[in-house]
Amino acid sequence: MAAQLDSPNSLEVENTAMGSQLDALNQWVMDMARLTQPDRIHWCDGSDSEFAELVKQMEADGTLLPLNSETHPNSWLHRSHPDDVARVEHLTFVCTSEREDAGPNNHWMAPADAHAKMDALFAGCMRGRTMYVIPYCMGPIDSPLARCGVEITDSPYVVANMRIMTRMGAAALARIEREKQFVRGLHSIGELDPERRFIMHFPEELTIKSFGSGYGGNALLGKKCHALRIASHQARKEGWLAEHMLILGVENPKGETHYIAAAFPSACGKTNLAMLIPPEGYRREGWKVWTVGDDICWMRPGADGRMYAINPEAGFFGVAPGTSAKSNPNALASIQHDTIFTNVGLTEDGQPWWEGLDDRKPAIDWRGNAYDFNAPAAHPNSRFTVSARQCPSWSPKAEDAQGVPISAIVFGGRRASLVPLVFEARDWTHGVLVGAAMGSETTAAATGAVGVMRRDPMAMKPFCGYNFADYFAHWLSFDKPGAQLPKVFHVNWFRKGDDGKFLWPGFGENLRVLEWMIGRVEGSASATETPIGALPKVEDIRMEGVTLSDEARRVLFHFDRAGWQAEIDSLEGFLGEFGDRVPDALKQEQGRIAKELRAG
Ligand code: GTP
Ligand code: SPV
Ligand code: MN
């Protein structure tokens with residue numbers, strides 16, 4: 001087989017795609033092999049036997065540690081390099097030919113310079129290693145909304161994760177052959193040296209080059225690099241949206257299901273909301289929640305004018321700490337077998353453990369040292385990778401080629417003060433402003449300080465592959481004759497009281513807020529108009545079965561005019577950072593609200 005290839009050296013090539021008409025793909029793979037000089041090339045077919053072989057090899061070299069096979073069959077722990085535990089926003093670049101197209105929201109480098117820099121890092125980097133070629137499809141394999149890519153990597157851990165997170169292998173390769181278009185991702189762990197680490201995107205070339213990290217969104221290129229940064233750029237050109245949103249279905253006792261998409265920044269509750277278990281009383285009445293996606297949503301207007309959404313992913317790369325039988329039973333049930341854990345602790349008998357799981361004592365921390373009570377056993381950004389099919393609430397509609405119709409879009413973040421539990425935007429334009437104005441306290445999902453308030457429009461600050469001003473204009477463009485747009489809401493599960501504790505119980509109880517939203521969509525729920533949108537009173541939301549403190553009742557449903565004046569004034573400054581490209585309609589909307597707030 002290898003004879004048909006122009007081998008860069010004495011190359012062993014397994015499972016080659018030769019014999020088919022994949023000229024562009026073969027050419028690119030050969031070019032990358034010539035650059036990186038691997039000892040072997042392996043074309044991934046996604047089969048069970050391939051996975052078993054990879055696992056055997058990773059167990060042998062310590063990349064994967066098998067967990068207790070009685071409690072966690074077919075599950076492993078991976079310990080990443082201690083300097084490689086999260087996304088690295090300061091090393092992530094969008095390389096468009098015009099700097100302005102990347103916008104002030106992205107780090108930018110001229111494409112030629114970026115290619116030169118990356119190719120120097122990649123030169124010879126796979127010597128002694130195997131190059132894996134991973135054809136994958138983001139979205140149901142037969143969906144017109146799905147898009148394909150190929151990731152080249154020297155990390156078997158990445159292959160194992162991509163197999164869970166995407167539709168990987170033969171079917172994806174067949175679709176690429178048909179469509180002749182795919183996103184090209186080149187990845188090497190390099191030496192895992194933070195000084196030689198860059199994640200570069202070339203949206204105009206549908207290309208990604210990532211070097212020096214093996215972690216999450218830096219390395220599983222189908223996820224944030226393709227499905228958000230490159231896809232958002234494609235989506236703008238093609239008239240759809242690629243968003244950092246979960247998708248869930250809420251089924252009422254009559255059997256009617258509304259689908260909701262929600263954008264919260266990293267580690268702000270998407271996985272938890274997507275897998276919500278209704279409170280006891282709701283369960284008795286017959287309410288059900290269905291999980292369609294927990295991190296990424298691709299949506300576009302359908303023939304009836306409604307927005308239809310797919311989850312481009314096939315698995316969950318979820319935050320472990322805080323996941324428990326109480327907070328997220330569906331996640332916990334999903335990860336009892338066939339799961340890869342990254343950077344969690346271990347109990348004495350080899351079970352995975354993290355802060356917030358239960359009150360057992362761990363024996364070993366995420367670095368592999370004896371547990372020391374002064375530091376967490378699991379890294380705060382430790383994760384599990386698991387197939388979505390293992391989730392008890394996995395929606396039967398999640399594989400629908402046409403996607404699910406979206407009734408409501410929800411924005412939200414971690415806001416200790418000011419922002420009430422929920423409010424509704426008055427129309428689409430106002431909704432886009434609410435999304436653009438999103439702020440949240442930073443989390444451990446990216447390197448850098450934790451708990452610092454920053455603007456994170458639509459939870460896309462780290463992920464929008466183009467200028468935010470153009471992105472806001474693209475969002476506004478969906479409001480056209482015939483459109484049946486979702487209603488837009490904003491939530492805050494993270495408001496704190498005077499004692500510094502969360503005022504809202506969150507998790508399953510969040511269904512009460514979703515029920516109110518659905519009531520608004522259907523025209524049955526009440527609200528009070530304010531300049532920032534429509535707010536429920538505490539009695540507009542069903543609260544039997546929850547105990548809220550007096551402070552919570554007062555604060556969570558309160559519109560603080562003076563506080564919002566300052567917030568909306570600062571928004572003017574934020575929009576100003578994007579200059580003339582910001583759509584006038586958005587500036588006018590900000591001006592309208594500022595005026596209403598002053599008029600009060
Ligand atoms: P990424 O995968 O990084 O995009 O994160 P995510 O948005 O999916 O966040 P996730 O659901 O994993 O939640 C992150 C943290 O927030 C966990 O520690 C949760 O326990 C906590 N959390 C989630 N939902 C709630 C909630 O309703 N209330 C409170 N107080 N905490 C929550
Ligand atoms: C996030 O940070 O939003 C994640 C994890 O979902 S990562 O895959 O690392 O981007
Ligand atoms: Mn995420």
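Both ligands and their constituent atoms are indexed starting at 1 by order of listing. Along the sequence shown, the residues carry numbers beginning at 1. Hydrogens, waters and symmetry mates play no part in the numbers below; they use all other heavy atoms, side chains included.
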Looking only at heavy atoms, is any part of [X] under 4.0 Å from ligand 1, and if so is it the side chain, the backbone, or both, or is it neither?
{"X": "Trp504", "result": "neither"}
{"X": "Ser266", "result": "both"}
{"X": "Ser327", "result": "neither"}
{"X": "Asp295", "result": "side chain"}
{"X": "Pro505", "result": "neither"}
{"X": "Phe507", "result": "both"}
{"X": "Arg383", "result": "side chain"}

From the options Lys270, Lys224, Glu313, Arg87, select the one whose nearest heavy atom is closest to atom 4 (C) of ligand 2.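 Looking at heavy atoms only, Lys224 sits closest to atom 4 (C) of ligand 2.
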
Which atom name would you report as the N, O or S atom of Asp295 nearest the Mn ion (ligand 3)?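 When I compare the N, O and S atoms of Asp295, OD1 is nearest to the Mn ion (ligand 3).
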
Under 2.8 Å from the Mn ion (ligand 3), is there an N/O/S atom belonging to Lys224?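 Of the N, O and S atoms in Lys224, at least one lies under 2.8 Å from the Mn ion (ligand 3), which means yes.
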
Within the 4.0 Å heavy-atom shell around Asp295, which atoms of ligand 2 are there?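 With Asp295 as reference, the close atoms of ligand 2 come out as 6 (O).
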
Could you tell me, atom by atom, which parts of ligand 1 come under 4.0 Å of a heavy atom of Arg414?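 Ligand 1 atoms under the 4.0 Å threshold to Arg414: 15 (C), 16 (O).
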
N or O contact, Ala445 vs ligand 1, cut-off under 3.5 Å: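 For ligand 1, there is no N or O atom that lies under 3.5 Å from one belonging to Ala445.
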
Evaluate side chain to side chain contact (heavy atoms under 4.5 Å, CB included) for Leu121 paired with Lys209, printing each intermediate quantity in order. CA-CA 10 Å; Leu121 293 171; Lys209 291 186 177 176; over 6 Å; no

